[in-house]
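Residue numbers start from 1 in every chain, and the chains themselves are labelled A, B, ... in the order their sequence lines are given, proteins ahead of strands.
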Amino acid sequence: MNSPETIASVLISFSTIGFVVLFGTATFLPMVYELTILRKEESVQLLRRYPYRLISRLGENLSIIALMGISLLFVIVGLLGLIYFITNSENLLLFAIYLSVFIVVSLLIYIIIIIVIALPYKEHEVNQIIDYSSIGRKNHLKTKK
Amino acid sequence: MFESMKTEETVEPTDTKTKILRLLNKANDYIWMSTGLNKDFYNDIEVKNAMLASFDKVKQIRILIDGDAQSKKKELSWLFESAKVHKGKIQIKQTEDILHWIISDGKHFRLEKPHELGTIGMNNLFVCDVEPPAISEILMAKFNSWWIVAKTVD
């Protein structure tokens, strides 16, 4: 049941799904980030909420580069799985397995880092920025009257 | 998320001036300003010198005038002359009903509470070292939304 061919097929499927999910996320996330946060009038206020802070963290350049990098590693695993069917080299398959373990560990570390760094924020400072940046002069003067 | 970010509020004009000078001095790449261009403030010799020094140093200056730009040409002729000297680098536009901000390199900000045009705003907030991009991106997107619809001043 656990023949090398089966393992190679599983690795190819695993890497295809991983590539599609991660590359898709890396491609669409900046768009979602821009549409959900940057374009809204109350955008700074949104950063008080954890999900928006998480999205903003995910949408950062470094995060996108990490996602792209991991998704490219998935491509390498998939290619190694395909090459196995041509060469029948078990060393190649072993390398693909180690690489997929490395990818899973990297992905877990990435997820933990993103979740943790999105947690804290300086509430007082953010509130000050909201206070100074969210109303136009006309509105302000109207409310003063 | 905002470990390095610091904010300072000012209500005294001298304190505000000192911090604006520091903000201008910090810029290495670009300065974006939305301002009422109060003649008393911007004709101050220290402010003028700091601005002229930053014009030489940075790669891009965007000045978004809140209110009538034509009257400012007479009141702050040195600024418009500098814009001619640094053609392309200094861009001036005019619009209405905006907040008065200074954005230095997308990292340091001066935000001002709304006030009547022609007066000096008393309540200012200086935000320094916005290292995570979330807040700076949001503020810059807001500035850009004003900039896009503003009219170019020759």
Side-chain angles (χ1 to χ4, degrees), chain A residues 29-65 113-145, chain B residues 1-11 16 19 34-36 64-67 95-103 106 108-119 121-146 148-149:
Chain A
L29 206 73
M31 237 186 292
V32 173
Y33 173 53
E34 201 180 324
L35 290 171
T36 55
I37 296 183
L38 290 185
R39 287 193 186 179
K40 290 198 175 184
E41 187 62 25
E42 72 281 15
S43 40
V44 186
Q45 286 94 314
L46 292 177
L47 292 177
R48 283 171 171 160
R49 296 186 212 157
Y50 181 73
Y52 286 99
R53 291 208 300 280
L54 190 65
I55 293 172
S56 75
R57 272 296 180 186
L58 286 166
E60 282 178 18
N61 287 345
L62 207 62
S63 161
I64 298 298
I65 289 167
I113 290 173
I114 289 289
I115 288 172
V116 170
I117 59 173
L119 275 173
Y121 79 109
K122 288 189 171 179
E123 196 176 353
H124 175 66
E125 283 79 355
V126 171
N127 286 342
Q128 278 183 317
I129 293 169
I130 291 167
D131 186 33
Y132 276 81
S133 66
S134 53
I135 49 171
R137 190 177 65 248
K138 269 182 188 165
N139 293 338
H140 174 76
L141 297 174
K142 267 180 205 166
T143 51
K144 269 180 85 176
K145 283 170 192 171
Chain B
M1 185 179 185
F2 311 112
E3 302 86 358
S4 57
M5 188 169 69
K6 285 178 196 155
T7 57
E8 286 177 284
E9 274 185 294
T10 61
V11 286
T16 303
K19 289 199 166 55
S34 54
T35 169
L64 189 52
I65 301 170
D66 183 13
T95 188
E96 283 175 359
D97 192 32
I98 50 167
L99 296 170
H100 298 169
W101 294 354
I102 298 174
I103 301 174
H108 317 291
F109 294 82
R110 172 255 190 162
L111 309 174
E112 186 186 50
K113 278 211 173 156
H115 62 89
E116 290 281 3
L117 272 184
T119 61
M122 301 303 281
N123 300 297
N124 287 268
L125 180 74
F126 291 85
V127 190
C128 290
D129 296 313
V130 185
E131 197 49 47
I135 284 186
S136 58
E137 279 177 4
I138 290 165
L139 295 176
M140 285 164 71
K142 200 161 185 175
F143 184 95
N144 257 329
S145 70
W146 300 333
I148 288 164
V149 296

Are the side chains of B:K113 and A:Y132 in contact, using a 4.5 Å heavy-atom criterion? yes

Report which part of B:N124 has an atom under 4.5 Å of a heavy atom belonging to chain A: side chain, backbone, both, or neither. backbone

With B:E9 via salt bridge (Lys or Arg N to Asp or Glu O under 4.0 Å) - residues at least two apart: none

When you measure from the side chain of A:K122 to the backbone of B:T7, do you find a donor-acceptor pair of N or O atoms at a distance under 3.5 Å? no

B:I138 CD1 to A:S56 OG distance, which is reported to the nearest 0.5 Å: 7.0 Å

Taking all non-hydrogen atoms of both residues into account, name the closest pair between A:S133 and B:L139 and its distance. CB-CD2, 3.9 Å

Distance col, row A:I130:CD1 vs B:L125:CG, nearest 0.5 angstrom, shows 11.5 Å

Salt bridge (Lys or Arg N to Asp or Glu O under 4.0 Å) filter on B:E137, not counting sequence neighbours, yields none

Beyond-backbone contact of A:I129 with B:M5, side-chain heavy atoms, under 4.5 angstrom: yes

